[in-house]
Structure formats: structure tokens, C-alpha cells
Number of protein chains: 2
Amino acid sequence: MLSERKKKILCAVVDGYIERANPISSKEIMQTALPDCSSATIRNELSALESMGYLHQPHVSAGRVPSQKAFRIYVDELMNYERLSDEETNLIVKYLTHQVDSVEEMVERVAKVLSEITHLPALVMKEDNLDIITSIKLLDLDNGKALVVIVTDCRILKDSFVDLPEHFTSNMLKSAQDWLNKIFVGKHISDFLNYDFPFELVNEQFGDFNKFFKRIVDTLKRESLTHSLHLSTVGENKIFEHVEYKDSQKAKQFLDTVEQKELICDLLFCDQEGTTVKIDKEDSVLEGCSVVKSNVVLGENISGSIGVIGPVRMNYRRVVAVVDKISKILNYVINNKR
Amino acid sequence: MLSERKKKILCAVVDGYIERANPISSKEIMQTALPDCSSATIRNELSALESMGYLHQPHVSAGRVPSQKAFRIYVDELMNYERLSDEETNLIVKYLTHQVDSVEEMVERVAKVLSEITHLPALVMKEDNLDIITSIKLLDLDNGKALVVIVTDCRILKDSFVDLPEHFTSNMLKSAQDWLNKIFVGKHISDFLNYDFPFELVNEQFGDFNKFFKRIVDTLKRESLTHSLHLSTVGENKIFEHVEYKDSQKAKQFLDTVEQKELICDLLFCDQEGTTVKIDKEDSVLEGCSVVKSNVVLGENISGSIGVIGPVRMNYRRVVAVVDKISKILNYVINNKR
DNA sequence: AGTTAGCACTCAAACCAAAAGAGTGCTAAC
DNA sequence: GTTAGCACTCTTTTGGTTTGAGTGCTAACT
């Protein structure tokens, strides 16, 4: 357990480092946080904090730099949370309550506002697995093809084409549609994946059109697989505003990481309530990065996460406040719209 | 008009500069391109080429660097075109003839292969304006909403939702569909934009459901507007492989430029046959960038462009060969599939 | 025992001057 | 017209010195 003074000093180091990105000296801490102590006293404390693993020195005559462990305790215990100003909150509300037509558009808007306010790349993940199928439509396109439309409870559609077999009448298409609906309505999209195709049943009812049905189910399977998690990232270029990416190789590494959708999804995927902060290699190979995220309930069966990603040295006070606020507004907006 | 020797020297400068990204000296040219001349002779020629605007020196004791004008003449007259190896061509063919289900997937594949082979960000633009409407479907979703589907001749669909008015029966939806088809089938998507809505006609046939029709047409208008040009960019991070973007501010500037879709579309949009090269500020505010592009015919009424964007100092011999080859393969693949 | 003034010490960064090296332009001879 | 030769320029490298920030330690003080 840290003494109050150690906490104060550690907090000052992290605050200072977040603001100015250079090592923090004992003198600086004295001036900003502990005017009643001498720099020598602070040096002793710093030395102690260093041997506890919270700080390190780039070289002997430099100030102290917080370690990953320091950021962790800073986020969890030390920092005081920022409250967004009313103007800012109102601006966000206004932006997010604007009439939108689709989930995609909403995602777009959320990501945009997150990224703009935090000056960091924004991540918005939507989990479609939990979508419940409302109905399946087979639409005759009059050119030997049919359009397969899946309607789900969160207005998301998965559509694709399928060639109709020869001698397949409009009526047969209708019964095929009814058949599919009977089986799948009320189920989750993800149920397609584990669905064993009942060849015999089809044979019985539709003669030899097994291949056609198989194709439809395969299409749906593929769709559900590729769309089960949808991640959008917006504002990647914002990282260039931060000094840790002045070297373009660092920037490249960061951008490459962000492009690994599965990795980012893993990071965003966690059940924890409220806004959480993941720092550096606690969770993955995100060297030098942190993620601030919050879950959002998009409906009874749909969930998602929103968040931002950036250097470990980010302004957590502000970023956590923003992510938290936006997720709350989002929950509010969505639930009041239904 | 340049003498043969001047051409040879200029070509050597550009080749060398493309390869090594540093100023080229007279001695170097002597060794690589003109072993029969002395370096002094070459120096005289270089001096002449400089005063003609093809070259410049970073400082007095440095070699020569080609100007934008030099790159222009290099691409147009000096360089010898590379022929892709058969293995490489086969690889591309194999990759592009792989079974795909949608235009989007094809675009994805083309962009991917372009970007991987050239080590540059790839641009693929598809012009939907020329799509001809094959049919319009209004699909009752049983929850007070209808799905609007537009089928066009290039298999592209534009779909969106519209709320049904109260007391709107299934039969009325059917007649509404017939009515829309009568008006719009055979026309271009872009025709929606200029379409004046005939309130009286609707009133006559459908009573007071003007609002409903207006909403449908508005939706279609918006869709056709936002989707009229579709640009996808893939492999933006490839620019980090090039020294001109070692400074991350340069990289940022580049990435910001590439994100300006309209600007890139303008660049890609030109009728010229074959593969064309646009260099730096000839065409726009693309500071330090070049675009190599080629038009692709995707069908009778659909056109698109593929290309790459990168630093002016790019390997034109190879890049032009690749873009040219891929566009030809693409034309072949598409036309043989129909 | 905790705090602090004082001081020696370390090390990065800034500065400066000299040397090396690359490449040119010019001149005079071929 | 071509070229050898040379003086000249300017960047890059090298190495040494200075500066300054910041520490750790010690000894004195509360």
C-alpha cells in the first residue's frame, strides 16, 4: 500500500508525463504538487517508487518516467475523473440524436465524434451474433437468380444472390421461403453455423433441389461468419498528433496493429460493466498502446463496444470521461428510440 | 528536342534516383550508362539539362535530382516498358479468376493484388451512375416497414427501409411497386436525381399516400447520390515502405490526401485509353505524389478505374506494367464471365 | 526518524572546429 | 567536341568541450 505522499508524487509524475511527454524531475513535482516538501525529500520518495516498479529513469541524470504499472494504478486509483462540460455534453447529444437511417450510419457518427473529441482513433464494434432472425425472404429477380434477404431484429440485413435451378417456379420459391422461415425465424444468426442440413427432408418436399437449398444455407453460413463481428475504425490518422508516433516506423506499427481486426475485437470483447482501460501488454501484443472502452447495449439481443486506442501516454482523465459519457448517451438515445 | 545522349543521361539519372533516392553524380552515370564518355562530358550535359529544367541540385557539391518535368518525359518517352514475367501474370490471373460472389468482393481482390505487387496503396473506383435499373421491389417486412430494393444490370443493389403508412394493404404495395417499375425500369440510377415528383398522378391512383411515395423517391435519390461513385483504397500503410515518408508528418499528409475521396476520384476520372500516369501538381494538389491508373470496362454501362498512388519517385517501369496488366486481365475476366 | 541543504557526480544535449569526402565548374590542352 | 586536372564548395563525419539538468549521498538539523 502506498502512503498518501507517495500517491501524490506518483500522480504528479504521471500527470506531468502525460502532459509533456518528458521525464519528470523532483523539482518539478515540488513546484506543482508538493510545495511543502524539499526536492530532496521527493527524491527519496522517487527512489522508493522506482524500486517498487512504478518508475524508471532513462539515464542517471534524467527525471522519472512512469512504468506501465504506474499507469495502471493511476487509472484505477490515483487520477481524479474529469466531468465533461455541459456545452460539450450537449454537443455530443445533439450530434448523436440526429436522425439516422441505419445502424451503420449511427456507428459512423459515434466513431466520428469519439475520434474528434479524444484526438485518437475510435473503435466501434457491433456483435451481430445475437441478432434474432425476424424473417427470411427469397426474392425472384426475374433473371434466373434470387435475392436472399435476412431481416433481423436490429434492422440489419444480410443479402446475397443465389442462382435458381431450372424449372423452379415462383410458387416453389414461395414454399422454399416458408420452409426456411419455419426453421430459422426466432433463432440467432450464429445458429446457421452449427446447422446440419437435412437433405432427406428437402428431398421429400422439394424433390431434387437439394443443391439449391444447400447453396442458400451455405451463403447464409458464410454471411453469418464474416459479419458476426463488425468492427469499424475511424480517425486512424489522429495518431500523428501524438509525439510517440513521430517516427513513422512507430506509426506504421500502430496502424498495422489497428488493422488486425480480430486482435482489436478481442481487446474490445469483455463483459465488464462501465468504462474500462486496457494498458499495453496486460492484454495482448499492443506494444505501447492503451485501449479505453465501454460496452453499449444496442437492444435486447444486440451488444457492442465503443472505445479509442492510442499511446499508453494518453490523457486518461479526459478520454475515460469522454468514452463513458458517449456510451451513456448512446444507451440513452438507443433505448428511447425503441 | 533532346539529343540521344541527353536522353540517355536523363534516363540514367531518373533510373538511378528511382532506385536509390539520392542525387546522381556524373561519375555514376558514366559507370552505369555511358562508359564511353568521361565524367566531365556528362557534367556538361547535366549542366545543360539543368538549365532546361529537367534537373536540379540540392546544393552545389551534390549530384542531380530529376524534376517533375524529368519524370514526365521519362514516363512518356524515355523509359523502356517492363514485361511482367509469366509466373507473375499467371499468379494474378489465378487470383482474379477465383470465384467471387459480388462486385465488392472483386473490387477487394483487385485492390489487394495491385497493392501487394506494387507496394503502393491501391485505388479502385466504380462508377455506378451508369447502372441501369432492372427492377424495383417493395418488400413487405410485416412490421409496418417495407424494404426497397433496386436491382441493376451490374448486380448492384441499393436497399433501404421505408415506413408504410397506416391502412396500406399488401395489394397497394404491389401496385406501388408496379407504378415505380413502370416509371424507372430501363433508366439510369442517376435519373432519380433529376426526377420531379408527380404529386397529382399519385393522388389520382393512390389517394393520399403522397408522403409515402415521396419518401421512397427521396430515399432512392439519397442512395443514388451517395453511391454514385464508389472508391475503395487498400494498403495505405504500404507508403511506409518508401523513404519519402520516413518523416511521419509527410506520411500524415499523404494519408490525409488519400482520404479525400472526391479528390482521388477526380484524379481517377478521365477517359483516356490505356494506362496513364499523373505526376504531382500537373493535375491537383497532390504534392509529391503520382497516380498510375487505367480504365476498366465492367460491362456495357458500367465503368471504373484501377490504379495506385505513391511518391513521384516510384518505379514507373514496374508499376505501369502491373497496372496495365491487371486492367487487361480484369477486362478479360469480366467479359468472359458474362 | 524523517527532512533538508549542499555538493559531487553523471550523462545527454548543445556547441564548435577541424577533417574528410563527394561532386561540381572551369580552364586549358587534346 | 571531349577530357584531364584542379580549385572550390558544401555536406557529413568526427571528436572534443561545455553546459545544464538532475540525481544520489552525506551530514546536519528538527
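Lettering follows sequence order; numbering is per chain, from 1. Atoms considered below: every heavy atom in the structure, side chains included; atoms not considered: hydrogens, waters and symmetry mates.
- Atom NZ of A/K112 is surrounded by 12 or fewer heavy atoms from other residues, nucleotides or ligands within 6.0 Å.
- The nearest whole Å value for the distance from the CG atom in B/L34 to the P atom in D/dT3 is 10 Å.
- Contact annotation for A/N22: no contact, since no heavy-atom pair falls under 4.0 Å across all strands.
- When distances run from any side-chain atom of B/S61 to the nucleotides D/dT3, C/dG23, C/dA12, the shortest one goes to C/dG23.
- Taking atom CG on B/N44 and atom P on C/dT27, their separation rounds to 12 Å, with Å as the unit.
- Whole-Å rounding puts the B/I42 CD1 to C/dG23 P distance at 13 Å.
- Side-chain atoms of A/D247 do not come within 3.5 Å of backbone N or O of B/S248 as any donor-acceptor pair.
- Contact check, A/R64 against D/dG24: a side-chain N or O comes under 4.0 Å of OP1 or OP2.
- Note: CD1 (A/I29) to C1' (D/dA21) measures 14 Å, nearest angstrom.
- Atoms CG (A/L49) and P (D/dG24) sit 12 Å apart, rounded to a whole Å.
- Using a 4.0 Å heavy-atom criterion, one finds that A/S26 contacts the sugar-phosphate atoms exclusively.
- When distances run from any side-chain atom of A/Q57 to the nucleotides C/dC11, D/dG24, C/dT3, the shortest one goes to D/dG24.
- One atom, CD of B/E28, and another, C1' of C/dG23, lie 11 Å apart when rounded to the nearest Å.
- Residue B/R43 contributes atom CZ, which lies 18 Å from atom P of D/dG1 at whole-angstrom precision.
- Of the candidates D/dT3, C/dG23, C/dC11, C/dG23 carries the atom nearest the B/S25 side chain, counting heavy atoms from C-beta on.
- In terms of modelled atom types and a separation under 3.5 Å, the side chain of B/K293 and the main chain of B/S305 share no donor-acceptor contact.
- Considering A/L268, A/L267, A/L114 in turn, A/L268 is the only one that fulfils the side chain to side chain contact (heavy atoms under 4.5 Å, CB included) rule with A/L123.
- Each of B/V60 and A/A40 has a nearest nucleotide on DNA chain D; the 5'-most of these lies closest to B/V60.
- In this structure, B/K250 does not pair ionically with B/E244, as no charged nitrogen and carboxylate oxygen lie closer than 4.0 Å.
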